[in-house]
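Take a look at the structure set out below.
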Amino acid sequence: MVEHKKLIIIGAGPAGLTAAIYAARAELQPLCIEGYKAGGQLMLTSEVENFPGFEKGINGPDLISVMRKQAERFGTEFLTEDVSGVDFSQRPFKVKTYEKEFTADSVIISTGADAKWLGLDSEQALLGRGVTSCATCDGAFFKDKEVVVIGGGDSAMEEALFLTKFASKVTIIHRRDELRASKIMGQRAKDHPKINFVLNSEVVEVQNVEEKKVTGAKIKNKETGEESVIPCEGFFLAIGHKPNTELFKDTGLEVDKKGYLLTKGKSSNTNMEGVFACGDVQDHTYRQAITAAGSGCTAALDAERFLSEHE
Ligand code: NAP
């Protein structure tokens, strides 16, 4: 049986959940299809200290849990399944999971983005125990400690420069001998007394899985094959992000050259009327829980206005 909804929200990180809170309070009875990876990147974060309202900080998963309960309280319905297909070619839109089928008058996309990882077993085992992909979120935990940043792009330079506020030493490890970063960012990092570079090197292991904390990065020089260990307590990945837009590839939704959904001006409107986007799936610049939440609010208000105009 095909069920009809006024509004379907796809994804349940801070953007989707904020959209759900606002839409539910506006009595749109939203269905939030949260997916099996519900919660997004906050589920991989330990302490969140910069989300306003939590003076003493809050765990990433706890923050998601509170937001989800808040959305439920006003009548958001949750479905813990992955969306398997969408059809936005005509209204009502069609949204399918592997088990169910829906039609919807409007859709908010908040599927987020994922940090790229090296794919090492040791890296995944130490995730949240010194391995992280967000300097803004976790930098302050490494006061007077040595850290490494992996990557040679602008993000790596920016994260390394940010980390100099806390860390005693920052080592940028890059796989080539030339940076991808813009000249100005690269030079800024090179000029900083706390930052040093290890080029032409790839990480082969994050140490130390047995101790359940990061103690060093084992690297291999790509020219000589020589292996060595850089002692560190923080291991920051900055090798790029990937927006979760695979599902929308053939829908006609416009994306930029990196695959992020395009929204119009300050709104959450995509190029398809009635389809809105919020959070990291359309923002590769700020990528914060609070900016994602703010854009989720925008999307719910845009959807509400759209629905009232098309009733
Ligand atoms: P990026 O420019 O794609 O750089 C990614 C870096 O990670 C590259 O140096 C790449 O190495 C390396 N890398 C990728 N996969 C790797 C792997 N598996 N193992 C080891 N290294 C790997 O990504 P980004 O730095 O996140 O920047 C994304 C965009 O945002 C860029 O357009 C950037 O200019 C922009 N941005 C701008 C600012 C700013 O202006 N303030 C700040 C941040 C980001 P290779 O070089 O060998 O490919």
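Whatever order the structure lists them in is the order used to number ligands and atoms, beginning at 1. Only heavy atoms go into these numbers, but all of them, side chains included; no hydrogens, no water, no symmetry mates.
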Quick one: are L237 and L118 in side-chain contact, heavy atoms under 4.5 Å? yes

Is E81 reaching over with its side chain to a backbone N or O of L79, donor-acceptor style, under 3.5 angstrom? no

T80/E34 under side chain to side chain donor-acceptor pair (under 3.5 Å): CA gap, chis, key distance, verdict: CA-CA 5 Å; T80 313; E34 60 182 351; 2.5 Å; yes

Answer yes or no: is there a side-chain heavy-atom contact under 4.5 Å between R25 and F74? yes

Heavy atoms of A156 and I172 approach each other most closely as O-CD1, 4.4 Å

Find all protein N or O atoms under 3.5 angstrom from an N or O atom of ligand 1 and list the pairs with distances, or write 'none'.
{"unit_1": "ligand 1", "atom_1": "9 (O)", "unit_2": "G152", "atom_2": "N", "d": "3.0"}
{"unit_1": "ligand 1", "atom_1": "9 (O)", "unit_2": "G153", "atom_2": "N", "d": "3.3"}
{"unit_1": "ligand 1", "atom_1": "11 (O)", "unit_2": "R175", "atom_2": "NE", "d": "3.2"}
{"unit_1": "ligand 1", "atom_1": "11 (O)", "unit_2": "R175", "atom_2": "NH2", "d": "3.4"}
{"unit_1": "ligand 1", "atom_1": "25 (O)", "unit_2": "D154", "atom_2": "N", "d": "3.3"}
{"unit_1": "ligand 1", "atom_1": "25 (O)", "unit_2": "S155", "atom_2": "N", "d": "2.9"}
{"unit_1": "ligand 1", "atom_1": "25 (O)", "unit_2": "S155", "atom_2": "OG", "d": "3.2"}
{"unit_1": "ligand 1", "atom_1": "26 (O)", "unit_2": "S155", "atom_2": "OG", "d": "2.6"}
{"unit_1": "ligand 1", "atom_1": "32 (O)", "unit_2": "K258", "atom_2": "NZ", "d": "3.2"}
{"unit_1": "ligand 1", "atom_1": "34 (O)", "unit_2": "D154", "atom_2": "OD2", "d": "2.6"}
{"unit_1": "ligand 1", "atom_1": "41 (N)", "unit_2": "E158", "atom_2": "OE2", "d": "2.9"}
{"unit_1": "ligand 1", "atom_1": "46 (O)", "unit_2": "R176", "atom_2": "NE", "d": "3.4"}
{"unit_1": "ligand 1", "atom_1": "46 (O)", "unit_2": "R176", "atom_2": "NH2", "d": "2.8"}
{"unit_1": "ligand 1", "atom_1": "46 (O)", "unit_2": "R180", "atom_2": "NE", "d": "3.0"}
{"unit_1": "ligand 1", "atom_1": "47 (O)", "unit_2": "R175", "atom_2": "NE", "d": "2.9"}
{"unit_1": "ligand 1", "atom_1": "47 (O)", "unit_2": "R176", "atom_2": "NE", "d": "2.7"}
{"unit_1": "ligand 1", "atom_1": "48 (O)", "unit_2": "R175", "atom_2": "NH2", "d": "3.0"}
{"unit_1": "ligand 1", "atom_1": "48 (O)", "unit_2": "R180", "atom_2": "NE", "d": "3.2"}
{"unit_1": "ligand 1", "atom_1": "48 (O)", "unit_2": "R180", "atom_2": "NH2", "d": "2.8"}

Between S268 and D302: side-chain donor-acceptor atoms closer than 3.5 Å: yes

